[in-house]
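Written out below as structure tokens is the structure these notes cover.
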Number of protein chains: 2
Amino acid sequence: MPPVTTPESVERLSRPQQVAEAIKSWVMANGWGPGHRLPSELDLIGRFGMAKGTIREAIRILEAQGLVKSRTGPGGGVFVHQVSEARATALLGNYFYFQHLTIDDIYQIREALEPELAANLAGQLSETQLAALEDVMTCYSEPARTPEEEREQHIASLRFHALLAEMSGNPLLRFLIRFTANMLADITVSRRLYSQPNRELWSSGLDYQARLVAALRAGDGEAARAILTDHMQNAHRLMKLQETVLTQRFLPEGQII
Amino acid sequence: MPPVTTPESVERLSRPQQVAEAIKSWVMANGWGPGHRLPSELDLIGRFGMAKGTIREAIRILEAQGLVKSRTGPGGGVFVHQVSEARATALLGNYFYFQHLTIDDIYQIREALEPELAANLAGQLSETQLAALEDVMTCYSEPARTPEEEREQHIASLRFHALLAEMSGNPLLRFLIRFTANMLADITVSRRLYSQPNRELWSSGLDYQARLVAALRAGDGEAARAILTDHMQNAHRLMKLQETVLTQRFLPEGQII
DNA sequence: CCCAATTTGTTCGTATGTATC
DNA sequence: AGATACATACGAACAAATTGG
């Protein structure tokens with residue numbers, strides 16, 4: 001009888017990684033939620049029969065994934081922690097560091113998802129929410145004068161989409177829309193992809209968004225979808241003018257829109 | 001004059017985290033790619049003026065994010081590493097552990113993205129690629145007899161989509177489609193969400209996919225889009241029958257479709 | 001305000017494991 | 001097979017942060 005084969009696809013895990021996985025599934029199995037305190041370092045050292053350094057490295061692995069947080073002092077310890085959107089964004093951003101994402105790639109997703117979001121939200125928003133959207137829009141009611149204003153307006157328009165996403169009841173849709181917006185914002189900032197020629201063109205975004213809010217308020221889902229489809233295609237075309245290959249960078253976490 | 005305020009939103013980073021961030025931006029600034037060797041532990045200890053344990057924890061953090069890998073022995077060391085799709089999937093999956101994703105949530109995304117993918121691929125695939133797709137389809141040319149076969153067929157059908165995604169030139173689209181398929185596969189496996197009633201209904205997926213491959217071969221993008229839209233809505237409806245709130249779990253990494 | 005207890009955070013010295021030559 | 005160069009692991013000590021008396 002052949003021995004229990006370990007497929008080579010399953011890499012040998014270092015001890016801290018093993019411990020991290022063990023703790024992970026332990027938390028899972030017991031259904032411990034955010035805020036639950038794990039055993040102390042000393043306790044874990046005893047349970048796993050390993051040195052302090054090893055245990056600490058394991059905890060660092062979990063912490064890097066955003067799954068736990070640790071505090072010092074009495075009543076301190078290691079606590080189960082809900083992965084933040086900022087961390088998830090940063091971690092996923094790392095994946096695309098070496099993948100050559102283009103403006104086209106990102107807009108292909110946005111063109112598919114944003115109209116879906118708009119249709120989804122029509123007639124579902126409170127007047128407070130609609131007012132919040134209109135509030136962001138005022139940031140670019142005036143045409144930009146300087147490149148700096150230009151940049152701010154572009155970022156603000158991305159914030160509009162982020163706010164819209166936040167109102168969605170679908171966490172996955174919400175995350176993806178904000179993630180793609182973040183990627184774009186990152187490009188515009190890091191590559192200075194906001195130059196003179198498009199000055200009036202961006203301001204046309206204001207018109208789209210005003211019409212969108214109207215459609216959302218009226219509860220006309222198909223109109224909202226059509227407007228955002230149009231908006232996305234236009235924005236795509238504009239960004240395309242300054243097409244560049246995206247040299248995405250590691251995201252130092254925290255800088256989310 | 002007030003002191004330079006540190007906004008509380010910017011949390012104080014522990015030393016290993018600082019080191020990890022420093023190494024990250026160091027790699028970035030120098031444009032080092034996968035395979036590049038970082039200085040040895042001992043070297044890093046010297047550069048940062050910190051103890052071995054601290055440096056090791058920093059490296060663990062980067063390793064947990066999938067950004068580096070370390071090897072022992074002569075010629076060993078810490079190497080820049082391209083984040084794998086499996087790791088990115090696992091890390092993002094962690095984020096959705098506490099978010100209550102439903103079947104509807106996931107299918108809302110699939111219904112938006114999969115047709116887009118199909119339209120994108122029409123007329124772009126080689127005969128070899130088309131044959132590979134047809135090959136996967138043979139896995140469920142026979143109606144399932146047992147629940148076990150049923151499950152396998154469902155997984156195989158998800159694999160079909162994963163294979164399709166792999167052929168896309170858009171890394172973001174590719175990742176998202178495979179990620180959503182993985183989430184679904186995870187549900188079906190963990191919640192045993194493949195039960196008797198749908199036996200013949202799943203087999204109707206075969207028909208969809210056969211027509212899809214035909215459209216792809218013919219280069220008819222709009223037909224492909226329509227077929228997949230239909231297919232998604234149907235699959236959604238079927239899964240909905242066994243609707244459950246998704247109790248996603250931590251993904252132990254590596255189990256990708 | 002300070003002191004003491006608790007818990008994580010950091011350091012150093014040493015020893016072991018592993019891959020290359 | 002043995003030497004070398006590296007990561008990996010251990011253990012004991014000390015430092016820093018937080019809480020409560």
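Atoms considered below: every heavy atom in the structure, side chains included; atoms not considered: hydrogens, waters and symmetry mates. Quick note on labels: first sequence line is chain A, next is B, and so on, each numbered from 1. None of these values were measured; they are calculated from a predicted model.
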*Return the orientation label for the Phe175(B) and Phe96(A) ring planes: parallel under 30°, perpendicular over 60°, tilted otherwise.*
perpendicular

_Gap between atoms CD1 and P, on Ile55(B) and dA9(D) respectively (whole Å)_ = 17 Å

_Which residue lies more 5' along DNA chain D, comparing Gly75(A) with Arg15(A) via nearest heavy atoms_ = Arg15(A)

*Could you state the CG-P distance from Leu42(A) to dT6(C), rounded to the nearest angstrom?*
12 Å

_Spacing between Glu41(B) atom CD and dT16(C) atom P, to the nearest angstrom_ = 18 Å

*Would you indicate what Gly77(B) reaches in the nucleic acid, counting non-hydrogen atoms under 4.0 angstrom: base, sugar-phosphate, or nothing?*
sugar-phosphate

*Keeping the roles fixed (side chain from Asn182(B), backbone from Phe179(B)), state whether a donor-acceptor pair exists under 3.5 Å.*
no

*Nearest-Å distance for atom pair CE/P, residues Met50(B) and dG13(C)*: 18 Å

*N/O (side chain, Thr72(B)) to phosphate O (OP1/OP2, dA5(D)) under 4.0 Å*: no

*Quickly work out the Arg60(A) CZ to dA9(D) P distance and round it to whole Å.*
16 Å

*State, with a plain yes or no, whether a side-chain heavy atom of Val83(A) is found less than 4.5 Å away from one of Gln65(A).*
no

*Return the value, rounded to whole Å, for the distance between atom CG of Leu62(B) and atom C1' of dA7(D).*
16 Å

_Could you tell me how far apart Gln18(B) (CD) and dT10(C) (C1') are, to the nearest whole angstrom?_
13 Å

_Within the structure provided, determine whether Leu173(B) and Ile109(A) are in side-chain contact (heavy-atom separation under 4.5 Å)._
yes

*Counting only side-chain N and O atoms of Arg56(A), is one of them less than 4.0 Å from OP1 or OP2 of dA9(D)?*
no

*Closest approach of Met50(B) and Ile45(B), non-hydrogen atoms and distance?*
O-CG2, 2.9 Å

_Does dA7(D) have its OP1 or OP2 closer than 4.0 Å to a side-chain nitrogen or oxygen of Ser14(A)?_
no

*asked:* As a test of reading the structure: which of dA7(D), dT18(D), dC10(D) is closest to the side chain of Pro74(A), going by heavy atoms?
replied: dT18(D)

*Is the base of dT14(C) touched by the side chain of Lys52(B) through a donor-acceptor pair closer than 3.5 angstrom?*
yes

*For Ser40(A) and dT6(C), is the shortest distance between a side-chain N/O and OP1 or OP2 below 4.0 Å?*
no

*Please report, rounded to the nearest Å, how far the P atom of dT8(D) is from the CZ atom of Arg71(B).*
11 Å

